[in-house]
Amino acid sequence: MDMLVKLYELKRDPALDSRMASQGVVIRRVLAPELPALTAWIEPRFGAGWAAEATVATMRQPTTCFIAIKDEQLIGFACHEATAKGFFGPTGVDQSARGQGVGHALLLETLLDMYAQGYPYGVIGGAGPMEFYRRSVGAVPIEGSVPGIYRGMLPLAHPSEVSD
Ligand SMILES: CC(C)(COP(=O)(O)OP(=O)(O)OC[C@H]1O[C@@H](n2cnc3c(N)ncnc32)[C@H](O)[C@@H]1OP(=O)(O)O)[C@@H](O)C(=O)NCCC(=O)NCCS
């Protein structure tokens with residue numbers, strides 16, 4: 001289901017910023033030359049579809065994909081303006097780094113960027129963990145939004161189908 005967020009009510013969260021700093025996590029906008037490293041990280045963890053969406057977000061100027069880095073390693077990402085205008089997603093955090101606020105910090109940074117780009121509301125496209133979005137930024141479900149814009153989407157090619 002898609003979810004809606006009031007971007008105009010969001011504020012920076014200094015406690016979350018301090019939490020990231022104390023863990024040595026840097027959240028920042030991805031740079032275009034980082035695109036190959038980004039998609040090489042996303043695809044084995046989250047699949048080719050999310051790598052394609054992150055590619056769209058990284059080919060914008062300014063890029064609309066944010067990354068989390070710890071010890072010079074990518075540990076998470078979050079995008080907007082990928083599948084549709086005003087849409088947040090995809091996002092993902094490495095399994096080993098979950099439950100430490102990184103997903104929340106990426107989400108907030110990305111939604112604040114959407115607001116700065118002029119959107120009053122943001123849509124979480126095809127929200128999986130709805131409780132994560134509700135708790136982190138007060139997102140509410142959009143009734144009747146399944147399958148939404150994903151209606152009739154082609155199945156993703158399985159790697160074995162494209163390797164011959
Ligand atoms: C969803 C995801 C990005 C969350 O990242 P994370 O770094 O573990 O999340 P955080 O630690 O910042 O969690 C923030 C809050 O949401 C809660 N939360 C996180 N994941 C949750 C989940 N799957 N279900 C319910 N609550 C969740 C946390 O408990 C935390 O709550 P708190 O602030 O009350 O303690 C991560 O679990 C992930 O990569 N999942 C797989 C990919 C995915 O589903 N992406 C979303 C597609 S729409």
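This one's a predicted model, so the numbers in the text were calculated from it and none came from an experiment. All ligand and atom numbering here is 1-based and tracks the order in the structure.
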N/O pairs closer than 3.5 Å, ligand 1 and protein:
residue  : atom   : partner : partner atom : Å
ligand 1 : 7 (O)  : G103    : N            : 2.8
ligand 1 : 8 (O)  : G99     : N            : 2.8
ligand 1 : 11 (O) : G99     : N            : 3.4
ligand 1 : 11 (O) : Q100    : N            : 3.2
ligand 1 : 11 (O) : G101    : N            : 2.9
ligand 1 : 12 (O) : G103    : N            : 3.4
ligand 1 : 12 (O) : H104    : N            : 2.8
ligand 1 : 31 (O) : R135    : NH1          : 3.1
ligand 1 : 34 (O) : R135    : NH1          : 2.9
ligand 1 : 39 (O) : V93     : N            : 2.8
ligand 1 : 39 (O) : V93     : O            : 3.4
ligand 1 : 39 (O) : R98     : NE           : 3.4
ligand 1 : 45 (N) : T91     : O            : 2.9

Evaluate side chain to side chain contact (heavy atoms under 4.5 Å, CB included) for I67 paired with W41, printing each intermediate quantity in order.
CA-CA 11 Å; I67 53 175; W41 186 89; over 6 Å; no

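- A donor-acceptor pair under 3.5 Å is absent between the side-chain atoms of S136 and the main chain of H104, judged by distance alone.
- Y133 has its side chain within reach of L107: a pair of non-hydrogen atoms, C-beta onward, lies under 4.5 Å apart.
- Contact of the F77 side chain with the I42 side chain is registered, since non-hydrogen atoms from C-beta on lie closer than 4.5 Å.
- Atom CZ of R151 has 12 or fewer heavy atoms from other residues, nucleotides or ligands within 6.0 Å.
- Counted within 6.0 Å of OH on Y115, heavy atoms from surrounding residues, nucleotides or ligands total 12 or fewer; the atom is thus considered open.
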